[in-house]
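Report on the following structure.
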Amino acid sequence: MEMKDEQLVARARTGERAAFEQLYRQHVDNVWRYGWARTRSREEASEIVQETFLRVAKYLPGFEGRSAFSTWLFTIVRSVTVTHVRKKRRNDEETKTSSVLRLVPGGTDVDEPSGGDYDEFEHRRDLLRETIGRLPASQRDVK
């Protein structure tokens, strides 16, 4: 028989591990589905579940019950997901930037040849400009 969230929260706040585990079992599927819906990745959804329940464990003692546990949990999973998606986007952009810089002689300078063959420099510069030209306008400028 499943206990209500309020009972489980009260018991989990006193350190009862079984109560926390029951809260986890009752909510893990919804948390995973939310993470998957935002990322479309099983691996990332699993990471979101893990981080969400780590935060629940950390902050549960301070949960005052002014809202339903499920509302509080949703606030946490939404925050974790937003942070996760932003971090992934930032890492993806850094990877793209790193890939583009490998096209540039010397890794950073496109204004002057870096001691190599001038024709090779021009070829790489043109390739870099073409690659940048294929980016969406919002990603072409350095911020």
Side-chain angles (χ1 to χ4, degrees), residues 1-116 120-143:
M1 179 175 141
E2 286 189 3
M3 284 192 209
K4 293 188 177 198
D5 286 345
E6 296 82 19
Q7 295 169 314
L8 291 170
V9 166
R11 291 173 54 192
R13 288 181 69 198
T14 66
E16 187 178 322
R17 185 177 178 155
F20 184 84
E21 289 173 358
Q22 184 63 33
L23 279 170
Y24 174 87
R25 282 192 296 275
Q26 287 179 196
H27 295 279
V28 67
D29 290 342
N30 288 334
V31 171
W32 190 90
R33 280 192 294 271
Y34 183 86
W36 185 84
R38 298 303 179 268
T39 64
R40 295 294 190 220
S41 165
R42 291 176 185 265
E43 182 179 313
E44 290 179 51
S46 294
E47 290 173 15
I48 289 168
V49 166
Q50 181 177 355
E51 180 61 28
T52 296
F53 282 100
L54 284 172
R55 287 191 191 180
V56 168
K58 180 178 181 178
Y59 296 112
L60 189 62
F63 176 65
E64 297 176 357
R66 286 186 263 162
S67 62
F69 174 78
S70 58
T71 302
W72 183 72
L73 176 62
F74 177 75
T75 301
I76 293 172
V77 71
R78 184 178 57 211
S79 173
V80 166
T81 302
V82 166
T83 300
H84 179 87
V85 169
R86 283 181 183 159
K87 183 186 283 185
K88 181 165 180 3
R89 188 179 307 136
R90 189 171 42 249
N91 288 342
D92 289 349
E93 288 174 4
E94 288 173 4
T95 299
K96 286 178 189 175
T97 300
S98 175
S99 296
V100 168
L101 286 177
R102 281 194 292 273
L103 298 173
V104 181
T108 58
D109 191 354
V110 295
D111 292 330
E112 297 179 24
S114 57
E120 177 64 21
F121 169 79
E122 286 183 331
H123 171 73
R124 287 182 181 225
R125 184 189 59 205
D126 292 343
L127 185 59
L128 178 60
R129 286 183 178 154
E130 178 184 326
T131 302
I132 291 171
R134 284 185 284 190
L135 290 171
S138 63
Q139 295 180 355
R140 290 184 195 151
D141 292 328
V142 176
K143 295 177 183 167

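Shown here are the side-chain hydrogen bond (donor to acceptor under 3.5 Å, both in side chains) partners of Arg42, two or more places apart in sequence or in another chain: there are none.
The two residues Ala45 and Trp36 come nearest to each other via the heavy atoms CB-N, 3.5 Å. The two residues Ser79 and Arg55 have their closest heavy-atom pair at OG-NH1, 3.5 Å. The nearest pair of heavy atoms linking Ala12 to Ala19 is N-CB, 3.7 Å.
To the nearest 0.5 Å, atoms CD (Glu21) and CG (Leu8) are separated by 11.5 Å. Rounded to the nearest 0.5 angstrom, Glu44 CD and Lys87 NZ are separated by 11.5 Å. Atom CZ of residue Arg11 and atom CZ of residue Arg17 lie 14.5 Å apart, to the nearest 0.5 angstrom. The CZ atom of Phe74 sits 8.5 Å away from atom OG1 of Thr81, with the distance rounded to the nearest 0.5 Å.
Using a 4.5 Å cut-off on side-chain heavy atoms (C-beta onward), Leu60 and Phe69 make contact. A 4.5 Å side-chain heavy-atom check between Ile48 and Arg38 finds every atom pair outside the cut-off. Taking 4.5 Å as the limit, some side-chain heavy atom of Glu47 sits within range of a side-chain heavy atom of His84. You'll find the side chain of Leu54 reaches within 4.5 Å of the side chain of Glu51, heavy atoms only.
Within 6.0 Å of the CD atom in Gln50, the count of heavy atoms belonging to other residues, nucleotides or ligands does not exceed 12. Applying the 6.0 Å contact sphere to OH of Tyr24 captures no more than 12 heavy atoms from other residues, nucleotides or ligands.
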Practice prompt. Could you check Phe20 against Val56 for side-chain contact (heavy atoms from CB on, under 4.5 Å), going step by step and ending with a plain yes or no?
Written response: CA-CA 9 Å; Phe20 184 84; Val56 168; 3.7 Å; yes
Worksheet item: Going through the distances and angles, do Leu73 and Phe63 end up as a side-chain contact (heavy atoms from CB on, under 4.5 Å)?
Response: CA-CA 10 Å; Leu73 176 62; Phe63 176 65; over 6 Å; no
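Sorted by first and then second residue, the side chain to side chain donor-acceptor pair (under 3.5 Å) pairs involving residues 63-78 (not counting sequence neighbours) are Glu64-Arg66. Pairs engaging residues 23-35 under the salt bridge (Lys or Arg N to Asp or Glu O under 4.0 Å) rule: none recorded [sequence neighbours left out].
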